[in-house]
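Beneath this line is the structure, given in structure tokens, with notes to follow.
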2 protein chains.
Amino acid sequence: MANIHDVAQHAGVSIATISRMLSGENIRNRAAVERAISELGYRPNASARGLRLGRHHTIAVIVPDISNPYFAALVRGIEERAMAKGFRIIVASSDEKFTAESDVLGGLIDAVDAVAIVPAEASERTRRMLTELGKPVVLIDRTVGENPEFDLVHVDNAGGARMAAEYLLSLGHRRIGVISGRQETLPGQVRHTEFLDVLSAAGVEVKQEDTKIGEFTRAFGHQAACELMDTSSGITAVFVGNNTMAQGALLAFHAAGVSIPGDLSFLCFDDFDLAELLPAPVTVISRPAIAEGHAAADLLLARIDGADAGKPQEFRHMVLPVKLTIRKSCSEPPIH
Amino acid sequence: MANIHDVAQHAGVSIATISRMLSGENIRNRAAVERAISELGYRPNASARGLRLGRHHTIAVIVPDISNPYFAALVRGIEERAMAKGFRIIVASSDEKFTAESDVLGGLIDAVDAVAIVPAEASERTRRMLTELGKPVVLIDRTVGENPEFDLVHVDNAGGARMAAEYLLSLGHRRIGVISGRQETLPGQVRHTEFLDVLSAAGVEVKQEDTKIGEFTRAFGHQAACELMDTSSGITAVFVGNNTMAQGALLAFHAAGVSIPGDLSFLCFDDFDLAELLPAPVTVISRPAIAEGHAAADLLLARIDGADAGKPQEFRHMVLPVKLTIRKSCSEPPIH
DNA sequence: CTGAAAGCGCTAACAA
DNA sequence: TTGTTAGCGCTTTCAG
């Protein structure tokens, strides 16, 4: 581990000269220094530089669960942009727990320049914790507290829910079930209410017993589907709020021998691998996870530059489009 | 951002006392210091500590692509164990490129204590690059060069391939196609040759034209399946070396209207989500990605401790078991 | 264009 | 048990 002193000695100059060359200044015998650097395999020490500069070329990325394909793709998007600008990322999973986020960020914050987070809670304490970090923050997919002073990236949840509702309506469905995620989250809440609003405007009300709200998990999706089959025999279509719940629900319907779309039309948010290969290739509202990652990283990188340049910036909200991918899991309701 | 001086002043002691308390020593008025710390919201600066100690409580994790579900699960496993021991992880995707690995690690190495990597190449230059890092390294899933002096975690590829071959043989298949990944990688090579060896021992030879070798990608899997359909009409079963290639192949067979297992039995390495929901739920050799991550992190953490304690350790190879999950994509060959 | 020296925040001798 | 101090590797004044 050669350090700057070794290089200086090797090249017969002072350490200041090395440092200057590394930061792009012109020096007299650049050739000798370059040779010394490559001969010794010198790499500036990141900790020393971070300590001195207060900048670490590192972004903290906190997601609920890195092993969820959607979040993995999101992280990939952030990583691509960050790497391109010479930044690296520290990744942590929160398991949807505020305390995990808080602990991780507490121990991390003075080693990173910015934070990209899919927050577990929309709570006030989350907003406060993030504000107190004193570093650029971008919220992804979900908001937090009231008027958060952060950049924000999410997809057009309302538009997606609207397309879903209109599509189901256009096929003739009038008795529809809904499986939605936690209403304390932005996507959980917006997708749910917007979907119901569109139906309602068309004179279609979703019954209490046809509405299931819970965690964004495969387990809850499964449970909700089972409950729907138990208690409400009348629905002809179901709308599910995300991919993990959708997988659970699909498994439950399949196990119970419910034919899709013969007995039940199925529509959900988020695409997934192999969707085309299912017996009834599933129709989805898909969103661009990688692009969301790109947008989030761009926002952060811009703000880091801005902080350097001393120019304050407005907080920006980026809303990315979703699209309705029609496959074969929805049809007209069965005739009675 | 309060620092140790602020705390010392606030509590009326010297900075050394603070530092001591933080490292668990007994001090006289611990109460006052604790109060000062929480009032000022003091957090020791990670860069300063890293610079001073040369230890960073950080592990670099390099995988080919974090958005691949298998690698995402692997990272999750590493993360779980690392976090539990107070370590954090820096994640980077290499896109199967040596240069990316080398660049990333070069810029990273003096900010981390150890490296977990799924290396892109089994090449000698990879072995050398990793050795020159001078830090604990664990290789996951693949080896590198000859007699690498690293810990190694992988699954029982040979056993899995053997089970696959025996299962297909037991169903009566005699003309079998193989789609395998890059032979420069451990799993690519072992799965391929072991599979062929078992068949060969049973007197079954796989024809040249029924063997497709390429990248571990969805695109290659698709292409290979298409080629198989074009050139070799005689195969009754196909064995695919991993999940991404399997997805591509499945898509191709489906598009061509090949019925599984009616026309063709299908068996692959790696489980995937929704496998049970496919028209022919696919039979797989599945491996424990999270457990591999746990094992890798444990090895690294032990070695970091060992380095501290000055006790040298043997390099350890951990081989985790795989299992044959029989679903419905394999049957007896069609009768002619 | 260059070098000497201060100091980022912390830990670990060393002295008391 | 405590305080003083050197120094981890680097960047950046300040003089030259």
Side-chain angles (χ1 to χ4, degrees), chain A residues 1-34 36-37 40-58 86 88 106-113 134-135 307-308 310, chain B residues 1-34 36-37 40-58 86 106-113 134-135 307-310:
Chain A
M1 298 292 143
N3 65 21
I4 199 171
H5 285 99
D6 302 329
V7 179
Q9 197 166 0
H10 205 83
V13 295
S14 78
I15 61 168
T17 301
I18 311 294
S19 176
R20 287 191 183 104
M21 204 202 76
L22 258 28
S23 58
E25 282 182 47
N26 249 4
I27 65 165
R28 209 188 315 275
N29 43 5
R30 132 176 260 101
V33 173
E34 274 169 351
I37 288 180
L40 297 172
Y42 168 70
R43 296 270 189 184
N45 180 299
S47 295
R49 199 178 231 159
L51 177 57
R52 180 63 230 251
L53 261 18
R55 272 165 103 304
H56 306 83
H57 287 270
T58 305
R88 44 184 182 242
L108 209 53
I109 193 61
D110 48 24
V112 304
D113 303 311
K135 305 242 167 142
D308 279 1
Chain B
M1 298 293 147
N3 66 20
I4 199 170
H5 285 98
D6 301 329
V7 179
Q9 197 165 2
H10 204 83
V13 295
S14 79
I15 60 168
T17 302
I18 311 294
S19 176
R20 288 193 182 102
M21 203 201 78
L22 258 29
S23 60
E25 281 182 50
N26 248 3
I27 65 164
R28 208 188 315 275
N29 42 6
R30 125 177 267 104
V33 174
E34 274 169 351
I37 288 179
L40 297 172
Y42 168 70
R43 296 267 187 185
N45 179 298
S47 294
R49 200 179 232 158
L51 177 57
R52 181 64 232 247
L53 262 17
R55 271 166 104 302
H56 307 84
H57 287 271
T58 305
L108 209 54
I109 192 60
D110 48 25
V112 304
D113 303 312
K135 304 241 167 145
D308 278 359

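Numbers restart at 1 for each chain; the letters A, B, ... are given by sequence-line order, proteins then strands.
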**Fill in**
Output for pair (Ile4(A) CD1, Arg43(A) CZ), nearest 0.5 Å, gives 15.0 Å

**Message:** Could you tell me how far apart Arg55(A) (CZ) and dG9(C) (C1') are, to the nearest whole angstrom?
**Reply:** 19 Å

**Request:** Determine yes or no for a side-chain-to-main-chain donor-acceptor pair under 3.5 angstrom, with Asn29(B) supplying the side chain and Ala32(B) the backbone.
**Result:** no

**Fill in**
One should read off an interatomic distance between Thr17(A) OG1 and Ile27(A) CD1, to the nearest 0.5 angstrom, of 6.0 Å

**Asked** To the nearest 0.5 Å, what is the distance between OG (Ser47(A)) and CZ (Arg49(B))?
**Response** 12.5 Å

**Asked** Which whole-number value in Å describes the distance from Arg43(A) CZ to dC10(D) P?
**Response** 13 Å

**Prompt:** In whole Å, what is the span from the CD1 atom of Ile4(A) to the C1' atom of dT12(D)?
**Reply:** 12 Å

**Request:** Find the distance between CD (Gln9(B)) and CG (Asn3(B)) and round it off to the nearest 0.5 Å.
**Result:** 9.5 Å

**Request:** Round to a whole Å and report the spacing from CG of Asn45(A) to C1' of dG9(D).
**Result:** 6 Å

**Prompt:** Between atom CE of Met21(A) and atom CZ of Arg28(A), what is the distance when rounded to the nearest 0.5 Å?
**Reply:** 15.0 Å

What N/O pairs connect the protein and nucleotides 5-8 of chain D at under 3.5 Å? Give each pair on its own line.
| residue | atom | partner | partner atom | Å |
| --- | --- | --- | --- | --- |
| dG7(D) | N2 | Arg52(B) | NH1 | 3.0 |

**Side-chain heavy-atom pair Glu34(B), Ile37(B) within 4.5 angstrom cut-off** = no

**Request:** Tell me, with the steps shown, if His56(B) and Asp113(B) meet side-chain contact (heavy atoms from CB on, under 4.5 Å).
**Result:** CA-CA 6 Å; His56(B) 307 84; Asp113(B) 303 312; 3.4 Å; yes

**Neighbours of DNA chain D within residues 17-33 of chain A, by heavy-atom distance under 4.0 Å** = Ser19(A), Arg20(A)

